[in-house]
Amino acid sequence: MGCTSEQSECDNDYSEYPVHTVTLSSFYISKYEVTHRQYIEFLNSVGVNSNGSYNGVEYIDMDDEDCAVGYRNGRFYFKGSSRAQTEDTPVIEVTWYGAVAFCNWLSEQSGLEKFYNINGTNVTMNWGVNGYRLPTEAEWEYAARGGNASQGYKYSGSNNIDEVAWYWSNSNERTQEVGLKQPNELGTYDMTGNVWEWCWDWYAPNTYHKNHYHNPLGPEFGEKKVTRG
């Protein structure tokens, strides 16, 4: 885990160093990023307020000009924006709290046990249940690298970024519909490019360590959550 020799550019804050060994238990991960279509169904189903909040906690930033979700006549709808032009683009301007609440809602819809206990901004985990959850940062990176099937590519699924990713020079400066590029070795799409994706962990670069870790969860406390992409 970390910035290895195949990556030529890493963050200047050295948050991806040092390279270290991690082992993980088996887990599932979605083939696609969550779309506006899916997230709007969630917002309407659980009764989120017109301003994008639920019980005082913001789930989506409706005030941001990039937000492609609107509200009228008591319902959320896809209005589009300069950054997202169809419902099948990955949802943007979602908060971390909105992401974990979406996981619990999806578990309910699928007849699974909720993974999270949510009380306002206090979120704890129920390990051992079968519900949906965010990946840990280590799980995200493992999946992006292709898991046990990894070919050691620079990007998720290829050494040629244009085969697998939408980014500033080929995207027209907007998100693109999920699954249009080539998948990685696991059949997972858009783990390089398109949008940033939430992980479970608190962000803390000084927690990267040379020692071996099994199923790391990141630090217990922090001010920001990890995004990868």
Side-chain angles (χ1 to χ4, degrees), residues 1-11 15-35 38 90-91 94 96 99-100 102-103 106-107 110 112-113 115-116 125-167 175-205 207-219 225-229:
M1 185 175 180
C3 188
T4 53
S5 58
E6 77 270 21
Q7 279 98 33
S8 61
E9 297 178 3
C10 292
D11 289 344
S15 61
E16 296 155 353
Y17 297 104
V19 174
H20 58 288
T21 299
V22 169
T23 61
L24 299 168
S25 300
S26 297
F27 63 95
Y28 290 99
I29 196 163
S30 176
K31 288 175 64 175
Y32 306 110
E33 295 164 325
V34 175
T35 66
Q38 293 170 302
V91 64
V94 171
W96 185 87
V100 295
F102 174 83
C103 289
L106 195 59
S107 296
S110 305
L112 304 176
E113 301 166 278
F115 188 82
Y116 297 110
M125 299 179 288
N126 293 313
W127 286 106
V129 306
N130 60 2
Y132 289 92
R133 63 177 175 85
L134 298 179
T136 65
E137 184 179 14
E139 288 172 334
W140 188 98
E141 185 169 326
Y142 182 74
R145 290 183 180 277
N148 287 339
S150 178
Q151 299 297 307
Y153 294 126
K154 181 176 182 178
Y155 306 104
S156 185
S158 177
N159 288 324
N160 180 348
I161 192 171
D162 288 301
E163 291 180 349
V164 294
W166 298 106
Y167 62 109
T175 59
Q176 303 292 322
E177 293 186 6
V178 300
L180 296 182
K181 291 288 187 177
Q182 175 179 300
N184 72 2
E185 299 95 315
L186 297 177
T188 303
Y189 294 82
D190 295 309
M191 295 198 78
T192 298
N194 223 356
V195 297
W196 294 105
E197 301 174 4
W198 285 117
C199 297
W200 164 259
D201 309 46
W202 289 106
Y203 174 73
T207 62
Y208 258 51
H209 202 277
K210 296 179 181 178
N211 289 345
H212 170 95
Y213 279 112
H214 181 66
N215 291 333
L217 297 176
K225 288 289 186 175
V226 169
T227 56
R228 296 295 298 267

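Positions are given from 1, in the same order as the sequence printed here. Everything numeric here is computed off the predicted structure, so don't read it as measured data.
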Asks: Could you go through residues 25-32 and list every donor-acceptor pair under 3.5 Å that involves a side-chain atom there, pairing it with any protein atom two or more places apart or in another chain?
Replies:
{"residue": "S25", "atom": "OG", "partner": "N215", "partner atom": "ND2", "Å": "2.9"}
{"residue": "S30", "atom": "OG", "partner": "Y32", "partner atom": "N", "Å": "3.2"}
{"residue": "S30", "atom": "OG", "partner": "Y32", "partner atom": "O", "Å": "2.7"}

Asks: Taking only residues two or more places apart in sequence or in another chain, which ones pass side-chain contact (heavy atoms from CB on, under 4.5 Å) with P183?
Replies: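 Expected list: Y189.
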Asks: Would you say the side-chain atoms of S158 pair up with the backbone N or O of V164, donor to acceptor, closer than 3.5 Å?
Replies: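 Absent.
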Asks: Under the side chain to side chain contact (heavy atoms under 4.5 Å, CB included) rule, what do T192 and Y153 come out as? Steps first, then yes or no, please.
Replies: CA-CA 11 Å; T192 298; Y153 294 126; over 6 Å; no
Asks: Take E113 and N126 through the side chain to side chain contact (heavy atoms under 4.5 Å, CB included) test and state the conclusion after the steps.
Replies: CA-CA 9 Å; E113 301 166 278; N126 293 313; over 6 Å; no
Asks: Can you sort out the partners of E139 under salt bridge (charged side-chain N to carboxylate O under 4.0 Å, His left out), two or more places apart, ordered by chain and number?
Replies: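 Scan of E139 (salt bridge (charged side-chain N to carboxylate O under 4.0 Å, His left out), adjacent residues dropped) gives R133.
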Asks: For the atom pair CE (M1) and OH (Y142), what is the distance rounded to the nearest 0.5 Å?
Replies: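 Nearest 0.5 Å value for the CE-OH distance: 13.0 Å.
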Asks: Restricting to side-chain contact (heavy atoms from CB on, under 4.5 Å), what partner residues turn up for E177, sequence neighbours left out?
Replies: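 E177 satisfies side-chain contact (heavy atoms from CB on, under 4.5 Å) with T86, D88, T89, L180 once adjacent residues are dropped.
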Asks: Verify side chain to side chain contact (heavy atoms under 4.5 Å, CB included) between Y116 and M125, making sure each step is shown before the conclusion.
Replies: CA-CA 5 Å; Y116 297 110; M125 299 179 288; 4.1 Å; yes
Asks: On the six-membered ring of W166, is K181 placed so that its NZ or CZ lies under 6.0 angstrom from the centre and within 45° of the ring axis?
Replies: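 Yes, K181 lies over the aromatic ring of W166.
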Asks: Got E137 and Y203 here, is their nearest side-chain heavy-atom distance under 4.5 Å?
Replies: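 Answer no - side chains too far apart.
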Asks: Taking atom CH2 of W202 and atom CH2 of W200, what is their separation to the nearest 0.5 Å?
Replies: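 Spacing of CH2 (W202) from CH2 (W200) equals 8.5 Å.
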Asks: Once you round to the nearest 0.5 Å, how far does CZ of R145 lie from CD of E141?
Replies: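 Interatomic distance, R145 CZ to E141 CD, rounded to 0.5 Å: 4.5 Å.
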Asks: Please report the shortest heavy-atom distance between G193 and E33, naming the atom on each side.
Replies: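 Distance-wise, the nearest heavy atoms are O-OE2, 3.9 Å.
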Asks: How close do L134 and A99 get, heavy atom to heavy atom, and via which atoms?
Replies: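 Looking at all heavy atoms of both residues, the shortest contact is CD2-CB, 4.0 Å.
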Asks: The criterion is side-chain contact (heavy atoms from CB on, under 4.5 Å); which residues satisfy it with S107, sequence neighbours excluded?
Replies: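 Checked S107 against side-chain contact (heavy atoms from CB on, under 4.5 Å); matches are L112, Y132.
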Asks: Does D201 use its side chain to pair, donor to acceptor, with the backbone of T136 at less than 3.5 Å?
Replies: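 Such a contact is absent between D201 side chain and T136 backbone.
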Asks: Looking only at heavy atoms, which two atoms of A143 and L186 are closest? And how far apart?
Replies: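 Closest pair (atom of A143, atom of L186, distance): O-CD1, 3.8 Å.
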Asks: Hey, could you give me each pair passing salt bridge (charged side-chain N to carboxylate O under 4.0 Å, His left out) that has a residue in residues 188-200? Not counting sequence neighbours.
Replies: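 The answer is none; no pair qualifies.
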Asks: Over all heavy atoms of both residues, which pair between F102 and Q38 is shortest? Give the atoms and the distance, please.
Replies: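 Closest approach of F102 to Q38, heavy atoms only: CE1-O, 3.9 Å.
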Asks: Just so I know, are the side chains of S156 and T188 near enough to count as touching, which here means a heavy-atom distance under 4.5 Å?
Replies: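 Side chain of S156 against side chain of T188, heavy atoms only: no contact under 4.5 Å found.
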Asks: Got a second to check how far K225's NZ is from W96's CH2, nearest 0.5 Å?
Replies: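 That separation rounds to 4.0 Å.
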Asks: D162 and Y167: side-chain donor and acceptor closer than 3.5 Å?
Replies: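 A donor-acceptor contact under 3.5 Å links the two side chains.
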Asks: For L24 and A138, work out which heavy atoms get closest and say how close.
Replies: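 Nearest pair, atom of L24 first, then A138: CD1-O, 3.7 Å.
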